[in-house]
Amino acid sequence: MIRKVTVFSLRPVRLKTNRFSSLPTSPTSEPASQFPPNSILKTMCINGQLNEALLEMAIQGEGVRFEGYDSLLNECVNRRALREGQRVHAHMIKTRYLPPVYLRTRLIVLYTKCDCLGDARHVLDEMHERNVVSWTAMISAYSQRGHTLEALGLFVQMLRSGTPPNEFTFATILTCCSGACGFDRGRQVHSLIIKSNFESHIFVGSSLLDMYAKADRIHEARSVFERLPERDVVSCTAIIAGYAQLGLDEEALELFCHLQREGMKSNYVTYASVLTALSGLAALDQGRQVHNRVLRSDLSSYVVLQNSLIDMYSKCGSLSYARKVFDGMPERTVISWNAMLVGYGKHGIGREVIELYELMRKDKQVKPDSVTFMAVLSGCSHGGLVTEGLNIFNEMITDQDGIEPEIEHYGCVVDLLGRAGEVEKALTFIEQMPFKPTAAIWGSLLGACRVHANVLVGEYVAHRLFEIEPHNAGNYVILSNLYASAGRWADVTYIRQLMTEKSVAKEPGRSWINLGQTIHTFHASDRSHPRREEIFEKVRELSAKIKEAGYVPDLSCVLHDVDEEQKEKILLGHSEKLALAFGLIGIPHGLPIRVVKNLRICVDCHNFAKFLSKAYRREVSLRDSNRFHHILGGICSCGDYW
DNA sequence: ATAGGGTTAG
């Protein structure tokens, strides 16, 4: 206690009367000029002489006061100098200095910025009095490192303690309410925000709209955005990214163009987000435009943006451009490698997947992660490299990289075994794996059974699948294909009845084709296109021409209870056929016809495209939900396995 | 002093 008096004796005379009554609580309570020794500390810190200042601190001992500590901690935070900061903290303890709330909060900030959350929390826990900044700094530290539950728990404590949150607290806590599971909490926070009159704050507002978008409530997100009294890059990017992340690519693109016309200035996050939308749309022309603008801006060195460009080019069918971007990067993250690997995989170029993977292993700057293995395994599967894929999975099992295989990796192995025709082995593998098989796993095996005409296993697998997804029409279609390939027509009929009983719904199939800047979208039997007559005429012409070459419509792809003539008509109305016909009309000879489909391509359309490529000597690039099909001269890069 | 949006897979 005597020491304390010594310290306080340095207080300004006018405060002497109440010098024991309270600790200093604000930086202004001790004018700098009154404390020459602390001014020296301050000057040293301002001049960046932290080591000298620490020496001076040791010399001054108990003489160090608020201003000195403030300067020291400030410099330590700026430099993220943990050891030095710890010495300052230790000095306070040694000299029995009782830091005011302000300095304790500085300590919390120091520790959180240096990744020492435990130490920061310890300081917070020892505080008898806390302010909104102490709470928020700690909450933000948890939230930024993904410790969502701790952040939320602390937020609740904060509310109970009676400290009202401010705009900083709200902006940070909303990021902990993202996703479907956090939505209820997010809505509660929203009502608190409204009560506190913060809804139109630009930081709170963008965090809020992001919360809604990530909970799949895009309309609520948009309405928050529209109510913002002002807009900036972040809020604009948040709403664009919101659309893009939900797969509402056209809306994302439209909004991006609209906001640009209104004067939005894009940064690298904005471009990365719009590139995601363009990847989804396979809009190569617009993607190139964005790339050009990036090159003309000062943003081209952002790795995140380069990664988006790799992904955009590869999903727009231009692997060589993707590789050019990749090769031109001065620094690459694991995501750069993964994006490139995924690209080769989706295009079915297994050899490049393996080559790039080996190159990656030689690069000491990056380590493969779980996505890398997904990319490599599925790349081997799509590229027909069965043995290589199985070897890599075995490497995972022996735990050379410390990456535990997840259910998706097991799914890739099912795919690999299925492709190799080892359908029974794949079934045993599923039964022995440490996960409960998902619909995706069974679906993959059912596909293998279809290709290898294994009715016995296929029936079993289909019924497991129907238990999980009784209303997914695609599964019934594949089983029907399988029965048809075995000539079991009675069972094809039975499947049709089964579907009627279970009132199976089909997710609407959609195909589109980009002509310059315009996206032409088709649904099944779509008559909305202005050139519909021409398109239908082309489909009929096409069908007649390839029938001469041996094309036989696969009626098992149609599960409606109608006669055969009707079935063929339905088949000819499939959206990918309309898009292909339109491409044949609109895209000059010599250029590939690039069609995109939102679902997996059906067996009949795949066959149709192969015949088309031969009869019309056209290169067809068809992207379905799973991979690319490069079709030339009647042969598809998928090897008829997809 | 403390705060918001983003890239690969499924």
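So you know, we letter chains A, B, ... as the sequences are listed, proteins then strands, and number each from 1.
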Which of these nucleotides, [options], is closest to any side-chain atom of [X]?
X	options	value
A:Phe168	B:dA1, B:dG5, B:dA3	B:dA3
A:Lys346	B:dG10, B:dA3, B:dG4	B:dG10
A:Ala238	B:dG4, B:dG5, B:dA9	B:dG5
A:Ala171	B:dA9, B:dA3, B:dG6	B:dA3
A:Ala137	B:dG5, B:dT7, B:dT2	B:dT2
A:Val233	B:dT2, B:dA3, B:dG5	B:dG5
A:Thr270	B:dG4, B:dG5, B:dG6	B:dG5
A:Thr105	B:dG5, B:dA1, B:dA9	B:dA1
A:Ser308	B:dG6, B:dT7, B:dG4	B:dT7
A:Met374	B:dT8, B:dG5, B:dA9	B:dA9

Just the rounded figure in Å: distance from [atom2] of [N] to [atom1] of [X].
X	N	atom1	atom2	answer
A:Asn166	B:dG4	CG	C1'	13 Å
A:Ile407	B:dA9	CD1	C1'	15 Å
A:Leu341	B:dT8	CG	P	14 Å
A:Leu309	B:dT8	CG	C1'	14 Å
A:Asp210	B:dA3	CG	C1'	13 Å
A:His201	B:dT2	NE2	C1'	12 Å
A:Asn307	B:dT8	CG	P	9 Å
A:Trp135	B:dA1	CH2	C1'	17 Å

Worksheet item: Under 3.5 Å, is there a donor-acceptor pair between the side chain of A:Arg600 and the main chain of A:Asn626?
Response: no

Quick check: any donor-acceptor pair below 3.5 Å linking the side-chain of [X] to the base of [N]?
X	N	answer
A:Asn267	B:dG6	no
A:Tyr268	B:dG6	yes
A:Ser206	B:dG4	yes

Worksheet item: Looking at the rings of A:Tyr313 and A:His291, which for Trp means the six-membered one, are their centres under 6.0 Å apart?
Response: yes

Worksheet item: Do A:Tyr357 and A:Trp337 have their ring centres less than 6.0 Å from each other?
Response: no

Practice prompt. Find out whether the Lys NZ or Arg CZ of A:Arg185 is both under 6.0 angstrom from the six-membered ring centre of A:Phe155 and within 45° of the ring's axis.
Written response: no

Under 4.0 angstrom between [X] side-chain N/O and [N] OP1 or OP2:
X	N	result
A:Gln245	B:dG5	no
A:Lys315	B:dT7	no
A:Lys214	B:dG5	no

What contact category does [X] fall into here, base, sugar-phosphate, or nothing, at under 4.0 angstrom with non-hydrogen atoms?
X	value
A:Leu174	nothing
A:Ser235	base
A:Gln306	nothing
A:Ala241	sugar-phosphate
A:Asn131	base

Item to complete: Indicate yes or no: at least one non-hydrogen side-chain atom of A:Glu352 is less than 4.5 angstrom from one of A:His347.
Response: no

Discussion item. Is the ring pair A:Tyr302/A:Tyr268 parallel, tilted or perpendicular, if the boundaries are 30 and 60 degrees?
Written reply: parallel

Practice prompt. Indicate the ring-plane relationship of A:Tyr212 and A:Phe183, choosing parallel, tilted or perpendicular according to the 30° and 60° boundaries.
Written response: perpendicular

